[in-house]
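In what follows, a structure is listed as C-alpha coordinates, so that the remarks can point back to it.
Basis for what follows: all heavy atoms, side chains included, without hydrogens, waters or symmetry-related copies. This chain uses plain numbering: 1 for the first residue, then up along the sequence.
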Amino acid sequence: MTAQVVAGLLLIAAIGWRNRRWRVVWLPSAALVGVALAVGAYWYIASAGMSDETNPAPYSLWIWIGLSGVAAGVLIAGWRGARWWRRGVSTIALPLCLLCSALALNLWVGYFPTVQTAWNQMTAGPLPDQTDAVTVTAMQKLHSIPAKGTVVPVTIPDMGSGFKHRGELVYLPPAWYATDPPPPLPTVMMIGGEFNTPADWLRAGNAVQTIDDFAAGHGGNAPVFVFVDSGGAFNNDTECVNGTRGKAADHLTKDVVPFMVSRYGVSPNRANWGVVGWSMGGTCAVDLTVMHPDMFSAFEDIAGDLTPNSGNKAQTIARLFGGNAAAYAAFDPTTVITHHGPYAGVTGRFDINGAAPPSPPRNVVVNAAANPNDQTAAANSLCATGSADGIKCAVVTQPGKHDWPFAAHAFATALPWMAGQLGTPGMTAIPLPAAPPAEPKVPPPAPEGPPPPPPHSAPDLQAAAK
(Lines give C-alpha, C1' and ligand atoms only; values in the text may rest on other atoms or scores of the structure.)
Protein backbone atom coordinates (compact mmCIF):
# COMPACT_ATOMS: atom_id res chain seq x y z
CA MET A 1 0.00 0.00 0.00
CA THR A 2 2.86 2.38 0.77
CA ALA A 3 4.42 1.76 -2.63
CA GLN A 4 1.07 2.28 -4.35
CA VAL A 5 0.38 5.59 -2.58
CA VAL A 6 3.86 6.95 -3.36
CA ALA A 7 3.68 5.78 -6.99
CA GLY A 8 0.24 7.34 -7.43
CA LEU A 9 1.31 10.71 -6.00
CA LEU A 10 4.45 10.80 -8.14
CA LEU A 11 2.49 9.91 -11.27
CA ILE A 12 0.01 12.72 -10.59
CA ALA A 13 2.90 15.14 -10.10
CA ALA A 14 4.54 13.89 -13.31
CA ILE A 15 1.34 14.44 -15.31
CA GLY A 16 0.62 17.92 -13.99
CA TRP A 17 -1.70 20.44 -15.65
CA ARG A 18 0.85 21.87 -18.11
CA ASN A 19 -0.80 23.38 -21.24
CA ARG A 20 -3.86 22.81 -23.38
CA ARG A 21 -2.03 20.74 -26.03
CA TRP A 22 -0.68 18.48 -23.27
CA ARG A 23 -4.17 17.91 -21.88
CA VAL A 24 -5.89 17.42 -25.23
CA VAL A 25 -3.29 15.48 -27.24
CA TRP A 26 -0.43 13.99 -25.26
CA LEU A 27 -2.16 12.97 -22.06
CA PRO A 28 -4.93 11.02 -23.89
CA SER A 29 -2.20 9.40 -26.00
CA ALA A 30 -0.40 8.28 -22.84
CA ALA A 31 -3.69 6.92 -21.51
CA LEU A 32 -4.19 4.92 -24.70
CA VAL A 33 -0.72 3.44 -24.28
CA GLY A 34 -1.68 2.35 -20.77
CA VAL A 35 -4.96 0.79 -21.90
CA ALA A 36 -3.24 -1.04 -24.77
CA LEU A 37 -0.58 -2.39 -22.41
CA ALA A 38 -3.17 -3.62 -19.89
CA VAL A 39 -5.31 -5.25 -22.60
CA GLY A 40 -2.27 -6.89 -24.17
CA ALA A 41 -1.12 -8.29 -20.82
CA TYR A 42 -4.64 -9.54 -20.06
CA TRP A 43 -4.87 -11.26 -23.45
CA TYR A 44 -1.47 -12.91 -23.11
CA ILE A 45 -2.07 -14.22 -19.59
CA ALA A 46 -5.56 -15.49 -20.49
CA SER A 47 -4.39 -17.14 -23.73
CA ALA A 48 -1.63 -18.95 -21.85
CA GLY A 49 -4.24 -20.43 -19.48
CA MET A 50 -2.78 -18.73 -16.41
CA SER A 51 -5.89 -16.73 -15.46
CA ASP A 52 -9.53 -17.77 -15.67
CA GLU A 53 -12.70 -17.63 -13.60
CA THR A 54 -11.34 -20.19 -11.15
CA ASN A 55 -8.05 -18.36 -10.59
CA PRO A 56 -8.54 -14.73 -11.66
CA ALA A 57 -5.76 -12.19 -11.47
CA PRO A 58 -6.49 -9.28 -9.11
CA TYR A 59 -7.85 -6.07 -10.63
CA SER A 60 -4.90 -4.21 -9.14
CA LEU A 61 -2.57 -6.07 -11.53
CA TRP A 62 -4.31 -4.72 -14.64
CA ILE A 63 -4.63 -1.25 -13.10
CA TRP A 64 -0.92 -0.95 -12.35
CA ILE A 65 0.11 -2.43 -15.69
CA GLY A 66 -2.05 0.24 -17.32
CA LEU A 67 -0.64 2.99 -15.10
CA SER A 68 2.87 1.80 -15.98
CA GLY A 69 2.02 2.40 -19.62
CA VAL A 70 0.66 5.85 -18.74
CA ALA A 71 3.85 6.62 -16.82
CA ALA A 72 5.96 5.57 -19.81
CA GLY A 73 3.89 7.73 -22.14
CA VAL A 74 4.12 10.72 -19.79
CA LEU A 75 7.88 10.31 -19.48
CA ILE A 76 8.47 10.14 -23.24
CA ALA A 77 5.85 12.60 -24.47
CA GLY A 78 6.37 15.11 -21.71
CA TRP A 79 10.16 15.13 -21.59
CA ARG A 80 10.58 17.93 -24.07
CA GLY A 81 9.72 21.28 -22.58
CA ALA A 82 9.26 19.94 -19.02
CA ARG A 83 11.06 21.46 -16.08
CA TRP A 84 13.96 19.58 -14.53
CA TRP A 85 12.02 18.58 -11.43
CA ARG A 86 9.11 17.20 -13.48
CA ARG A 87 11.53 15.17 -15.57
CA GLY A 88 12.98 13.74 -12.38
CA VAL A 89 9.55 12.90 -10.98
CA SER A 90 8.52 11.26 -14.28
CA THR A 91 11.71 9.19 -14.27
CA ILE A 92 11.00 7.93 -10.74
CA ALA A 93 7.26 7.34 -11.31
CA LEU A 94 7.77 4.76 -14.07
CA PRO A 95 9.86 2.23 -12.10
CA LEU A 96 7.59 2.69 -9.08
CA CYS A 97 4.54 1.86 -11.20
CA LEU A 98 6.35 -1.19 -12.50
CA LEU A 99 7.19 -2.16 -8.92
CA CYS A 100 3.49 -1.88 -8.01
CA SER A 101 2.66 -4.14 -10.96
CA ALA A 102 5.19 -6.68 -9.67
CA LEU A 103 3.77 -6.44 -6.16
CA ALA A 104 0.24 -7.03 -7.48
CA LEU A 105 1.51 -10.05 -9.41
CA ASN A 106 3.20 -11.39 -6.29
CA LEU A 107 -0.01 -11.00 -4.29
CA TRP A 108 -1.64 -13.23 -6.90
CA VAL A 109 0.96 -16.02 -7.07
CA GLY A 110 2.69 -15.69 -3.67
CA TYR A 111 6.08 -16.20 -5.30
CA PHE A 112 8.04 -14.15 -2.74
CA PRO A 113 6.61 -14.49 0.78
CA THR A 114 9.09 -11.97 2.20
CA VAL A 115 11.41 -9.22 1.00
CA GLN A 116 14.36 -11.33 2.15
CA THR A 117 13.22 -14.20 -0.08
CA ALA A 118 12.96 -11.86 -3.06
CA TRP A 119 16.41 -10.42 -2.36
CA ASN A 120 17.99 -13.88 -2.09
CA GLN A 121 16.37 -14.92 -5.35
CA MET A 122 17.50 -11.85 -7.26
CA THR A 123 21.03 -11.96 -5.84
CA ALA A 124 21.33 -15.78 -6.02
CA GLY A 125 21.75 -15.90 -2.26
CA PRO A 126 22.37 -19.18 -0.44
CA LEU A 127 19.55 -21.65 -0.02
CA PRO A 128 18.49 -23.06 3.36
CA ASP A 129 20.87 -25.84 4.50
CA GLN A 130 22.98 -25.40 1.35
CA THR A 131 26.40 -27.02 1.18
CA ASP A 132 28.68 -28.38 -1.54
CA ALA A 133 29.34 -31.83 -2.95
CA VAL A 134 32.84 -32.09 -1.47
CA THR A 135 31.55 -31.43 2.04
CA VAL A 136 28.73 -33.93 1.57
CA THR A 137 31.16 -36.66 0.49
CA ALA A 138 33.51 -35.98 3.41
CA MET A 139 30.69 -36.02 5.96
CA GLN A 140 29.29 -39.23 4.55
CA LYS A 141 32.68 -40.99 4.68
CA LEU A 142 33.08 -39.98 8.32
CA HIS A 143 29.48 -40.85 9.22
CA SER A 144 29.15 -37.27 10.43
CA ILE A 145 25.39 -37.01 10.90
CA PRO A 146 24.21 -33.37 10.78
CA ALA A 147 21.44 -32.03 12.98
CA LYS A 148 19.49 -31.01 9.88
CA GLY A 149 19.42 -32.13 6.27
CA THR A 150 21.73 -30.71 3.61
CA VAL A 151 20.94 -29.18 0.23
CA VAL A 152 23.54 -29.74 -2.48
CA PRO A 153 23.47 -28.31 -6.04
CA VAL A 154 23.94 -30.96 -8.72
CA THR A 155 24.58 -31.00 -12.45
CA ILE A 156 22.72 -33.98 -13.88
CA PRO A 157 23.95 -35.21 -17.29
CA ASP A 158 21.39 -35.12 -20.10
CA MET A 159 22.60 -38.11 -22.11
CA GLY A 160 19.21 -39.81 -21.94
CA SER A 161 17.16 -36.84 -23.09
CA GLY A 162 19.28 -34.13 -24.66
CA PHE A 163 17.19 -31.67 -22.64
CA LYS A 164 19.14 -28.51 -21.85
CA HIS A 165 18.39 -27.73 -18.24
CA ARG A 166 19.62 -25.59 -15.39
CA GLY A 167 21.34 -26.83 -12.25
CA GLU A 168 19.17 -28.89 -9.92
CA LEU A 169 19.15 -29.53 -6.17
CA VAL A 170 19.15 -32.54 -3.87
CA TYR A 171 18.08 -32.65 -0.21
CA LEU A 172 19.80 -35.34 1.89
CA PRO A 173 18.24 -36.11 5.30
CA PRO A 174 20.44 -36.73 8.35
CA ALA A 175 19.82 -40.50 8.06
CA TRP A 176 21.58 -40.55 4.68
CA TYR A 177 24.92 -39.92 6.44
CA ALA A 178 24.55 -42.82 8.87
CA THR A 179 26.36 -45.47 6.79
CA ASP A 180 28.87 -45.86 4.00
CA PRO A 181 27.53 -46.67 1.46
CA PRO A 182 24.42 -44.71 2.37
CA PRO A 183 21.13 -46.49 3.09
CA PRO A 184 18.82 -47.01 0.08
CA LEU A 185 16.32 -44.35 1.10
CA PRO A 186 13.11 -43.53 -0.78
CA THR A 187 13.11 -40.51 -3.10
CA VAL A 188 10.60 -37.78 -3.92
CA MET A 189 10.83 -35.76 -7.14
CA MET A 190 9.70 -32.14 -6.59
CA ILE A 191 8.33 -30.13 -9.54
CA GLY A 192 7.38 -26.45 -9.44
CA GLY A 193 4.90 -24.35 -11.38
CA GLU A 194 4.85 -22.98 -14.92
CA PHE A 195 7.28 -20.09 -14.39
CA ASN A 196 9.84 -21.74 -12.17
CA THR A 197 13.39 -22.38 -11.09
CA PRO A 198 14.52 -25.55 -9.31
CA ALA A 199 14.96 -23.47 -6.14
CA ASP A 200 11.33 -22.30 -6.03
CA TRP A 201 10.21 -25.11 -3.76
CA LEU A 202 13.00 -24.21 -1.34
CA ARG A 203 12.46 -20.42 -1.36
CA ALA A 204 8.78 -19.86 -2.04
CA GLY A 205 7.55 -23.30 -0.94
CA ASN A 206 9.48 -23.50 2.36
CA ALA A 207 10.22 -27.14 1.55
CA VAL A 208 13.54 -27.42 3.40
CA GLN A 209 12.11 -26.22 6.69
CA THR A 210 9.15 -28.56 6.26
CA ILE A 211 11.36 -31.59 5.58
CA ASP A 212 13.81 -30.66 8.37
CA ASP A 213 10.94 -30.48 10.86
CA PHE A 214 9.66 -33.86 9.69
CA ALA A 215 13.11 -35.47 9.93
CA ALA A 216 13.66 -34.01 13.40
CA GLY A 217 10.48 -35.69 14.58
CA HIS A 218 11.46 -39.08 13.10
CA GLY A 219 15.02 -39.64 14.27
CA GLY A 220 16.58 -37.97 11.22
CA ASN A 221 14.67 -40.19 8.81
CA ALA A 222 13.05 -38.70 5.72
CA PRO A 223 13.09 -39.40 2.00
CA VAL A 224 15.75 -37.92 -0.26
CA PHE A 225 14.30 -35.08 -2.34
CA VAL A 226 15.40 -33.98 -5.79
CA PHE A 227 14.23 -30.54 -6.98
CA VAL A 228 14.19 -30.80 -10.74
CA ASP A 229 14.20 -28.39 -13.65
CA SER A 230 11.21 -29.18 -15.85
CA GLY A 231 11.50 -26.09 -18.05
CA GLY A 232 15.13 -25.41 -18.88
CA ALA A 233 14.38 -21.68 -18.63
CA PHE A 234 12.16 -19.55 -16.42
CA ASN A 235 9.54 -18.90 -19.12
CA ASN A 236 9.73 -22.21 -21.04
CA ASP A 237 6.48 -24.01 -20.22
CA THR A 238 7.11 -27.65 -21.15
CA GLU A 239 4.32 -29.19 -19.01
CA CYS A 240 6.85 -32.03 -18.49
CA VAL A 241 6.13 -33.52 -21.92
CA ASN A 242 8.33 -34.49 -24.85
CA GLY A 243 7.53 -31.88 -27.45
CA THR A 244 8.63 -28.85 -29.37
CA ARG A 245 9.97 -27.20 -26.20
CA GLY A 246 12.26 -30.08 -25.34
CA LYS A 247 12.13 -33.62 -24.03
CA ALA A 248 11.36 -32.69 -20.45
CA ALA A 249 9.66 -36.01 -19.67
CA ASP A 250 12.73 -37.94 -20.79
CA HIS A 251 14.95 -35.72 -18.65
CA LEU A 252 12.94 -36.51 -15.52
CA THR A 253 12.75 -40.24 -16.15
CA LYS A 254 15.93 -41.07 -18.10
CA ASP A 255 18.36 -38.56 -16.57
CA VAL A 256 17.21 -37.72 -13.04
CA VAL A 257 16.16 -41.14 -11.77
CA PRO A 258 19.31 -43.06 -12.86
CA PHE A 259 21.51 -40.21 -11.56
CA MET A 260 19.93 -40.31 -8.11
CA VAL A 261 20.31 -44.09 -7.88
CA SER A 262 23.95 -44.11 -8.99
CA ARG A 263 25.17 -40.93 -7.28
CA TYR A 264 23.27 -41.01 -3.96
CA GLY A 265 22.49 -44.71 -3.60
CA VAL A 266 18.75 -44.22 -3.24
CA SER A 267 16.42 -47.16 -3.69
CA PRO A 268 15.73 -48.05 -7.36
CA ASN A 269 12.48 -49.78 -6.38
CA ARG A 270 9.40 -48.08 -7.83
CA ALA A 271 7.64 -48.59 -4.48
CA ASN A 272 10.13 -46.11 -2.98
CA TRP A 273 9.71 -43.34 -5.56
CA GLY A 274 7.10 -40.56 -5.52
CA VAL A 275 6.40 -37.26 -7.28
CA VAL A 276 5.08 -34.01 -5.80
CA GLY A 277 4.07 -31.13 -8.02
CA TRP A 278 2.39 -27.75 -7.70
CA SER A 279 0.14 -26.19 -10.38
CA MET A 280 1.77 -27.22 -13.68
CA GLY A 281 3.95 -29.55 -11.60
CA GLY A 282 0.83 -31.18 -10.20
CA THR A 283 -0.22 -32.14 -13.71
CA CYS A 284 3.32 -33.46 -14.24
CA ALA A 285 3.15 -35.54 -11.05
CA VAL A 286 0.02 -37.35 -12.23
CA ASP A 287 1.32 -37.74 -15.78
CA LEU A 288 4.70 -39.16 -14.77
CA THR A 289 3.16 -41.67 -12.38
CA VAL A 290 0.41 -43.01 -14.65
CA MET A 291 2.76 -43.14 -17.64
CA HIS A 292 5.58 -44.81 -15.66
CA PRO A 293 4.03 -46.99 -12.93
CA ASP A 294 7.16 -49.12 -13.15
CA MET A 295 9.14 -46.12 -11.90
CA PHE A 296 6.82 -44.23 -9.50
CA SER A 297 4.24 -45.51 -7.05
CA ALA A 298 2.82 -42.36 -5.42
CA PHE A 299 2.06 -38.79 -6.36
CA GLU A 300 0.74 -35.58 -4.84
CA ASP A 301 -0.98 -33.27 -7.30
CA ILE A 302 -1.34 -29.80 -5.77
CA ALA A 303 -3.87 -27.83 -7.81
CA GLY A 304 -2.87 -29.28 -11.15
CA ASP A 305 -4.86 -29.22 -14.39
CA LEU A 306 -6.79 -31.96 -16.14
CA THR A 307 -4.27 -32.17 -18.98
CA PRO A 308 -0.99 -30.53 -20.03
CA ASN A 309 -2.09 -26.95 -20.51
CA SER A 310 -0.61 -24.13 -22.57
CA GLY A 311 -3.86 -22.32 -23.36
CA ASN A 312 -6.92 -24.07 -24.75
CA LYS A 313 -6.66 -27.56 -26.25
CA ALA A 314 -5.92 -26.37 -29.79
CA GLN A 315 -3.28 -23.94 -28.54
CA THR A 316 -1.72 -26.62 -26.35
CA ILE A 317 -1.47 -29.09 -29.24
CA ALA A 318 0.07 -26.41 -31.45
CA ARG A 319 2.46 -24.96 -28.86
CA LEU A 320 3.66 -28.12 -27.13
CA PHE A 321 3.32 -30.79 -29.81
CA GLY A 322 3.67 -28.93 -33.10
CA GLY A 323 0.04 -29.70 -34.00
CA ASN A 324 0.36 -33.46 -33.40
CA ALA A 325 -2.90 -34.48 -31.67
CA ALA A 326 -1.70 -38.06 -31.18
CA ALA A 327 1.35 -36.83 -29.26
CA TYR A 328 -0.97 -34.74 -27.08
CA ALA A 329 -3.13 -37.78 -26.35
CA ALA A 330 -0.03 -39.76 -25.34
CA PHE A 331 0.49 -37.27 -22.47
CA ASP A 332 -3.17 -36.81 -21.52
CA PRO A 333 -3.54 -38.50 -18.09
CA THR A 334 -7.15 -39.54 -18.64
CA THR A 335 -6.31 -41.19 -21.96
CA VAL A 336 -3.20 -42.82 -20.52
CA ILE A 337 -5.08 -44.28 -17.54
CA THR A 338 -7.92 -45.58 -19.71
CA HIS A 339 -5.59 -47.23 -22.22
CA HIS A 340 -3.30 -48.68 -19.55
CA GLY A 341 -5.99 -50.64 -17.76
CA PRO A 342 -5.81 -51.78 -14.13
CA TYR A 343 -2.91 -50.42 -12.07
CA ALA A 344 -1.38 -52.12 -9.05
CA GLY A 345 0.37 -50.41 -6.14
CA VAL A 346 -0.22 -46.83 -7.34
CA THR A 347 -1.70 -44.23 -5.04
CA GLY A 348 -2.22 -40.50 -5.28
CA ARG A 349 -3.43 -37.46 -3.43
CA PHE A 350 -5.04 -34.41 -5.04
CA ASP A 351 -4.86 -31.21 -2.96
CA ILE A 352 -7.21 -28.44 -4.07
CA ASN A 353 -8.00 -25.07 -2.57
CA GLY A 354 -11.38 -23.59 -1.73
CA ALA A 355 -14.69 -24.95 -0.48
CA ALA A 356 -15.08 -28.70 -0.33
CA PRO A 357 -16.80 -30.04 -3.47
CA PRO A 358 -19.20 -32.95 -3.38
CA SER A 359 -17.28 -36.18 -3.83
CA PRO A 360 -18.35 -38.17 -6.91
CA PRO A 361 -18.96 -41.91 -6.65
CA ARG A 362 -15.83 -43.97 -7.15
CA ASN A 363 -17.08 -45.53 -10.37
CA VAL A 364 -18.26 -42.27 -11.96
CA VAL A 365 -15.98 -40.25 -14.23
CA VAL A 366 -16.52 -36.51 -13.85
CA ASN A 367 -16.68 -34.59 -17.12
CA ALA A 368 -14.14 -31.83 -16.53
CA ALA A 369 -13.45 -31.20 -20.22
CA ALA A 370 -15.95 -28.33 -20.24
CA ASN A 371 -13.52 -26.30 -18.12
CA PRO A 372 -10.08 -27.96 -18.09
CA ASN A 373 -8.62 -25.08 -16.05
CA ASP A 374 -10.87 -25.86 -13.08
CA GLN A 375 -8.52 -27.68 -10.72
CA THR A 376 -11.39 -28.93 -8.54
CA ALA A 377 -13.15 -30.56 -11.47
CA ALA A 378 -9.81 -31.87 -12.75
CA ALA A 379 -8.94 -33.49 -9.41
CA ASN A 380 -12.33 -35.19 -9.09
CA SER A 381 -12.27 -36.35 -12.70
CA LEU A 382 -8.75 -37.79 -12.55
CA CYS A 383 -9.36 -39.45 -9.19
CA ALA A 384 -12.58 -41.02 -10.43
CA THR A 385 -10.89 -42.24 -13.62
CA GLY A 386 -7.92 -43.58 -11.65
CA SER A 387 -10.12 -45.30 -9.08
CA ALA A 388 -11.93 -47.16 -11.82
CA ASP A 389 -8.56 -48.55 -12.91
CA GLY A 390 -7.07 -49.50 -9.56
CA ILE A 391 -5.35 -46.25 -8.48
CA LYS A 392 -6.08 -45.50 -4.85
CA CYS A 393 -6.61 -41.76 -4.52
CA ALA A 394 -8.28 -39.01 -2.52
CA VAL A 395 -9.23 -35.40 -3.19
CA VAL A 396 -8.34 -33.20 -0.22
CA THR A 397 -9.71 -29.66 0.03
CA GLN A 398 -7.87 -27.10 2.14
CA PRO A 399 -8.29 -23.35 2.62
CA GLY A 400 -6.24 -21.01 0.47
CA LYS A 401 -5.93 -19.73 -3.06
CA HIS A 402 -3.85 -20.75 -6.06
CA ASP A 403 -0.50 -19.48 -4.82
CA TRP A 404 2.79 -20.66 -3.33
CA PRO A 405 1.66 -20.35 0.33
CA PHE A 406 -1.12 -22.83 -0.43
CA ALA A 407 1.36 -25.16 -2.16
CA ALA A 408 3.68 -24.99 0.85
CA HIS A 409 0.83 -25.78 3.25
CA ALA A 410 -0.46 -28.66 1.12
CA PHE A 411 3.02 -30.21 0.88
CA ALA A 412 3.56 -29.95 4.64
CA THR A 413 0.19 -31.57 5.30
CA ALA A 414 0.80 -34.46 2.90
CA LEU A 415 4.46 -35.16 3.72
CA PRO A 416 3.78 -37.73 6.49
CA TRP A 417 1.48 -39.63 4.13
CA MET A 418 4.01 -39.55 1.27
CA ALA A 419 6.91 -40.58 3.54
CA GLY A 420 4.95 -43.50 4.95
CA GLN A 421 3.68 -44.56 1.55
CA LEU A 422 7.23 -44.74 0.16
CA GLY A 423 8.58 -46.84 3.02
CA THR A 424 10.67 -44.27 4.89
CA PRO A 425 12.54 -46.01 7.75
CA GLY A 426 10.68 -45.78 11.04
CA MET A 427 7.41 -44.84 9.30
CA THR A 428 4.26 -46.86 8.89
CA ALA A 429 1.92 -46.35 5.96
CA ILE A 430 -0.71 -43.71 6.60
CA PRO A 431 -4.06 -44.16 4.86
CA LEU A 432 -5.35 -41.52 2.50
CA PRO A 433 -7.76 -39.01 4.01
CA ALA A 434 -11.34 -40.19 3.79
CA ALA A 435 -13.88 -38.16 1.85
CA PRO A 436 -15.96 -35.92 4.14
CA PRO A 437 -19.32 -37.48 5.06
CA ALA A 438 -22.33 -36.22 3.21
CA GLU A 439 -24.36 -33.64 5.08
CA PRO A 440 -27.61 -35.09 6.48
CA LYS A 441 -30.73 -34.01 4.67
CA VAL A 442 -32.96 -31.74 6.69
CA PRO A 443 -36.67 -32.64 6.32
CA PRO A 444 -38.92 -29.81 5.15
CA PRO A 445 -40.94 -28.02 7.85
CA ALA A 446 -44.36 -29.51 8.63
CA PRO A 447 -47.28 -27.62 7.06
CA GLU A 448 -49.47 -25.47 9.31
CA GLY A 449 -52.89 -26.72 10.41
CA PRO A 450 -54.11 -29.94 12.00
CA PRO A 451 -51.84 -32.95 11.58
CA PRO A 452 -52.83 -35.41 8.86
CA PRO A 453 -54.47 -38.66 9.98
CA PRO A 454 -52.06 -41.56 10.48
CA PRO A 455 -51.76 -43.99 7.59
CA HIS A 456 -54.01 -47.04 7.74
CA SER A 457 -52.50 -50.42 8.19
CA ALA A 458 -53.70 -53.35 6.12
CA PRO A 459 -56.12 -54.66 8.84
CA ASP A 460 -57.66 -51.18 9.19
CA LEU A 461 -58.36 -51.05 5.46
CA GLN A 462 -59.92 -54.51 5.53
CA ALA A 463 -62.17 -53.48 8.45
CA ALA A 464 -63.25 -50.36 6.62
CA ALA A 465 -64.12 -52.41 3.56
CA LYS A 466 -66.34 -54.71 5.67
Side-chain angles (χ1 to χ4, degrees), residues 120 125-157 165-192 197-229 252 255-277 295-298 300 408 411-412 414-416 418-427:
N120 286 341
L127 295 163
D129 295 354
Q130 182 172 343
T131 186
D132 58 83
V134 175
T135 302
V136 165
T137 302
M139 291 173 60
Q140 198 267 331
K141 294 293 184 183
L142 296 173
H143 303 170
S144 178
I145 301 176
K148 298 190 296 183
T150 52
V151 173
V152 55
V154 294
T155 301
I156 300 178
H165 59 280
R166 296 162 290 182
E168 291 159 310
L169 300 155
V170 172
Y171 173 94
L172 302 170
W176 186 83
Y177 293 90
T179 62
D180 183 19
L185 294 174
T187 306
V188 178
M189 183 181 292
M190 301 289 288
I191 309 175
T197 70
D200 285 352
W201 264 114
L202 291 79
R203 297 192 194 277
N206 197 39
V208 171
Q209 185 64 54
T210 297
I211 305 167
D212 275 344
D213 291 344
F214 176 84
H218 294 84
N221 288 304
V224 172
F225 288 78
V226 53
F227 300 87
V228 298
D229 180 19
L252 302 179
D255 297 337
V256 173
V257 173
F259 173 84
M260 293 299 297
V261 173
S262 62
R263 175 65 181 83
Y264 293 103
V266 301
S267 171
N269 192 331
R270 45 93 55 191
N272 304 124
W273 272 83
V275 192
V276 174
M295 191 172 293
F296 307 101
S297 65
E300 183 191 7
F411 170 63
L415 177 55
M418 178 64 79
Q421 188 67 36
L422 299 182
T424 302
M427 287 285 298

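Smallest separation of non-hydrogen atoms from Asn221 and Ala175: OD1-CB, 3.2 Å. The heavy-atom pair separating Pro173 from Leu185 by the smallest distance is CG-CD1, 3.7 Å. Val256 approaches Leu252 most closely through the heavy-atom pair CB-O, 3.5 Å. Considering all non-hydrogen atoms of both residues, Trp273 and Met295 come closest at CB-O, 3.3 Å. In plain terms, the two heavy atoms of Ser297 and Leu422 that are nearest each other are OG-CD2, 3.8 Å. Taking each heavy atom of Pro186 and Pro425 in turn, the nearest pair found is CD-CD, 4.3 Å.
Listed by chain and residue number, Val261 satisfy the side chain to side chain contact (heavy atoms under 4.5 Å, CB included) test with Pro268 (two or more places apart in sequence, or in another chain).
Here OG1 of Thr150 is found 6.0 Å from CE of Met139. Values are rounded to the nearest 0.5 Å. Remark: Gln209 CD to Lys148 NZ distance equals 6.5 Å, nearest 0.5 Å. Interatomic distance, Leu169 CG to Leu127 CG, rounded to the nearest 0.5 Å: 6.0 Å. Atom CE of Met190 is separated from atom CG of Asp200 by 11.0 Å, given to the nearest 0.5 angstrom. Within the model, atoms CG of Leu172 and OH of Tyr177 stand 5.0 Å from one another, a figure rounded to the nearest 0.5 Å. Note that CD1 of Ile156 is 4.0 Å distant from CD of Glu168, once rounded to the nearest 0.5 Å.
Side chain of Asp213 to backbone of Thr210: no donor-acceptor contact under 3.5 angstrom is found. Formation of a donor-acceptor pair under 3.5 Å by the Asp229 side chain with backbone atoms of Arg166 is found in this model. One N or O on the side chain of Gln140 and one on the backbone of Thr179 form a donor-acceptor pair closer than 3.5 Å.
A 4.5 Å side-chain heavy-atom check between Met418 and Val188 finds at least one atom pair inside the cut-off. Taking 4.5 Å as the limit, some side-chain heavy atom of Phe411 sits within range of a side-chain heavy atom of Ile211. Looking only at side-chain heavy atoms (C-beta outward), Val208 and Gln130 stay at 4.5 Å or farther from each other.
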**Prompt:** Hey, mind stepping through Val136 and Trp176 against side chain to side chain contact (heavy atoms under 4.5 Å, CB included) and telling me if it holds?
**Reply:** CA-CA 10 Å; Val136 165; Trp176 186 83; 3.7 Å; yes
**Message:** Evaluate Phe225 against Trp201 for ring pair (Phe, Tyr, Trp, His ring centres under 6.0 Å), listing each step before the verdict.
**Reply:** CA-CA 11 Å; Phe225 288 78; Trp201 264 114; 9.5 Å; no
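Counting only residues at least two apart or on different chains, the side-chain hydrogen bond (donor to acceptor under 3.5 Å, both in side chains) pairs with a member in residues 258-268 are Ser267-Asn272.
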